[in-house]
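Everything on this sheet refers to the single structure shown next.
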Amino acid sequence: MITRGVIKNIKTSSVLINSIKTTQCNFSSKVNYDEIYKKHLKISEKKFNKQEIIQTIKDNTLFSWNPTEAAANKALIMEKGEGVYFYDTDGKKYIDFNSQAMCSNLGHTVPEEVIKAVEEQLRSAAYAYPCSIVTPIKAKLSMLLADLFPGDINHFYYTSGGAESNETAMRMARLFTGRHKILARYRSYHGATLGAMTLTGDPRRWNSEPGASGVVHFMDPYPYSFKWGETEEQITEMSLKYLRETISYEGAKNIAAIFIEPVTGTNGILKPPKGYLEGIRKICDETGILMVCDEVMNGFGRTGEMFGFMNSDNVIPDIVTMAKGINGAYLPLGAVGCRGRVADYFKVNPIGIGSTYNSHPVTLASAYAALQYFLKNRVLDNVKTLEPVMKKHLEQLKQRHPTVKGYRSLGLFGTVELQKNSKGEPFVEYNGPAHPAMAKLSQDFVDNGLYTLCRWSSFFTNPPLTINEKELKEGFDILDKALTNLDKHFEK
Ligand SMILES: Cc1ncc(COP(=O)(O)O)c(C=O)c1O
């Protein structure tokens with residue numbers, strides 16, 4: 001019989017691991033907790049080097065989205081974050097040009113007031129059962145959110161992240177309307193839990209199919225391979241006509257909600273054409289379908305407005321979902337907000353769900369302090385001031401690099417589309433196979449000290465909303481340098 005200790009000693013050899021798996025050996029269930037404690041007294045004091053971190057990560061963790069081995073080999077290490085930068089264990093500095101997952105909106109230095117609020121909350125009431133106990137911080141944050149949202153979006157339900165917020169919104173819409181179907185768009189991402197994955201239109205959905213029932217996808221105003229029209233007006237008109245037709249085939253009386261990211265995020269930073277959000281609002285008003293805006297990425301300033309739906313003429317959605325920017329992602333927190341008539345329904349009818357970490361007081365305290373910091377430091381004004389500066393840098397990239405096909409940006413939400421030739425063909429088609437030039441570009445960013453997300457034939461420029469002009473230029477200088485290398489792959 002192989003004992004647990006022996007297995008631990010031979011764990012680093014993958015050949016042996018595989019042979020162990022297939023020989024069905026017996027493990028002892030005896031564990032010496034004193035020894036473990038002593039071991040970790042030492043480990044906690046030890047500074048792991050790069051190799052030890054990566055090896056332990058491989059030995060003891062699994063990655064999200066990608067196969068662990070490859071993801072671990074490519075992973076950067078963040079030992080310390082500061083402002084718009086983070087540092088690895090060798091002290092190498094990276095400028096964060098994607099705010100991690102477009103979420104570290106206040107940068108990597110946690111404002112003192114957030115630290116203080118979290119510490120005070122931990123000391124006063126660290127946890128409260130959300131179903132029967134309320135906390136002062138829940139009252140205060142809810143009042144602040146009600147103040148921040150326009151219209152009568154005044155009631156909030158707290159979750160642990162974006163996907164859970166969308167799951168909750170789906171359920172609320174179904175309960176409120178008594179209808180089952182949900183419409184969502186193809187060029188969208190709504191999260192990685194079952195319902196949110198089913199809502200998601202992009203290929204990240206495929207691994208989770210068949211998914212939840214009742215979701216029907218429709219095409220965006222900006223499909224990948226064709227156009228609804230040449231002008232914004234034509235695009236809006238045709239895509240709304242198509243949406244109306246989709247609704248008539250599905251039956252308006254069967255549809256609980258239409259979910260949209262007001263400004264499409266990872267699927268291309270796509271600002272809705274003029275009149276589009278207003279058109280969806282009108283359709284919803286006529287049909288009794290609820291308009292749900294996923295503000296998980298847009299929300300709290302990213303698009304240059306406090307919320308993405310505010311890039312419209314007075315559209316107020318029925319339900320909004322949020323996370324990320326609500327507290328700069330310092331702790332896991334999401335929320336769902338709803339208008340008066342939806343809230344009225346749940347005042348007398350059960351929402352029928354709940355989880356342990358809903359309304360976690362420490363996360364709520366982080367959000368209350370982070371949002372006050374956001375207001376005090378006029379972060380939204382910073383985004384508005386830097387919006388044209390970022391556009392200018394993007395335009396310069398376009399002028400300087402034949403591989404830059406174009407760019408889109410609003411607020412500090414930007415993306416650059418790349419082309420491999422003068423015909424405008426991308427290096428990687430939509431969801432197509434990887435291209436070595438894109439892999440090299442991504443590596444050049446890292447080597448030159450910049451972190452961002454490359455997706456197919458594009459990359460993002462989404463720095464923390466607290467970035468300044470000098471830091472923005474520093475990031476664009478690195479992009480410029482890396483693109484000079486990519487230009488060598490341009491086929492004239
Ligand atoms: C628009 C949108 N909705 C939902 C989510 C899911 O949020 P979370 O990862 O917190 O579950 C994301 C995450 O990137 C997102 O961008």
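We count ligands from 1, going down the list as the structure has it; atoms in each ligand are counted the same way. Sequence positions, counted from 1, serve as the residue numbers for this chain.
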Checklist entry - Is it true that Tyr222 and Trp228 have ring centroids separated by less than 6.0 Å? => result no
Where does ligand 1 get N/O contacts under 3.5 Å from the protein, atom by atom?
unit_1	atom_1	unit_2	atom_2	d
ligand 1	3 (N)	Tyr189	O	3.4
ligand 1	3 (N)	Asp294	OD1	3.2
ligand 1	3 (N)	Asp294	OD2	2.7
ligand 1	10 (O)	Gly162	N	2.8
ligand 1	11 (O)	Gly162	N	3.4
ligand 1	11 (O)	Ala163	N	2.8
ligand 1	14 (O)	Lys324	NZ	2.9

Item to check | Electrostatic pair Glu233:Lys274 at N-O distance under 4.0 angstrom | outcome: no
Checklist entry - Would you say the side-chain atoms of Ser104 pair up with the backbone N or O of Gln100, donor to acceptor, closer than 3.5 Å? => result no
Next on the checklist: Just checking Tyr157 against Phe346, ring centres under 6.0 Å apart?
Outcome noted: no
Next on the checklist: Would you say the rings of Tyr94 and Tyr451 are close, in the sense that their centroids are separated by under 6.0 Å?
Outcome noted: no
Next on the checklist: Glu305: which residues meet the salt bridge (charged side-chain N to carboxylate O under 4.0 Å, His left out) condition with it, sequence neighbours left out?
Outcome noted: none
